[in-house]
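Any value given below was found using the heavy atoms of this structure, including those in side chains, with hydrogens, waters and symmetry copies removed.
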Amino acid sequence: DSVRLGDVPTNFTLATHGWQFSWAEGNHLKIYGCKSSCLDSKYCNNDGKPGWHFFLYNITEDRREETDLWSEMRDEANAMLRRFIRWQGSVVYSQKTEAGCLI
């Protein structure tokens, strides 16, 4: 639903240049994000190309992560995603300016 609702930021990428991530906060909710392979057309983005998809799960009530709550809890999902993106930016900044890490 995150793709259908237009909630995937343009040019979203991970600092690690990976293909998946998860972000959980102390409220029983977890965002899982993955970049699709587009082998199955239902995982393609609206433009028919592979892209990021985000899912929201209640990991207390749905331990198998079978029910995506993104559209049902869209405001909270987007707020969590913004916090993840902000945190990720702070990690990249730290890598470049404080830790001397190669990225």
(message) Is the shortest side-chain heavy-atom distance between Ile59 and Glu65 below 4.5 Å?
(response) yes
(request) Determine, step by step, whether Phe84 and Ile31 satisfy the side chain to side chain contact (heavy atoms under 4.5 Å, CB included) criterion, reporting the C-alpha distance in whole Å, the side-chain angles of both residues, the deciding distance to 0.1 Å, and the verdict. (result) CA-CA 9 Å; Phe84 169 76; Ile31 290 178; 5.9 Å; no
(request) Hey, could you give me the CG/CE distance between Leu56 and Met73, rounded to the nearest 0.5 Å? (result) 6.0 Å
(request) To the nearest 0.5 Å, tell me how far Tyr32 OH sits from His53 NE2. (result) 11.0 Å
(message) Are Trp19 and Val91 linked, directly or through intermediate hydrophobic residues, by side-chain heavy-atom contacts shorter than 4.5 Å (ILVMFWY only)?
(response) no
(request) Any chance you could measure Leu69, atom CG, to Tyr57, atom OH, to the nearest 0.5 Å? (result) 9.0 Å
(request) Grab the two heavy atoms, one from Glu76 and one from Leu29, that are nearest each other, plus how far apart they are. (result) CG-CD1, 3.6 Å
(request) Answer yes or no: is there a donor N or O on one side and an acceptor on the other, between the side chain of Arg83 and the main chain of Glu25, under 3.5 Å? (result) no
(request) With the side chain counted from C-beta on, respond yes when Leu81 and Phe54 share a heavy-atom pair under 4.5 Å apart, and no when they do not. (result) yes
(message) Do Trp52 and Phe21 have side chains that approach each other closer than 4.5 Å (heavy atoms only, starting at C-beta)?
(response) yes
(message) Counting neighbours of CD on Glu61 that are heavy atoms of other residues, nucleotides or ligands and sit closer than 6.0 Å, is the number greater than 12?
(response) no
(request) Give a yes or no answer on whether the side chain of Asn58 reaches the backbone of Asp62 with a donor-acceptor pair at less than 3.5 Å. (result) no
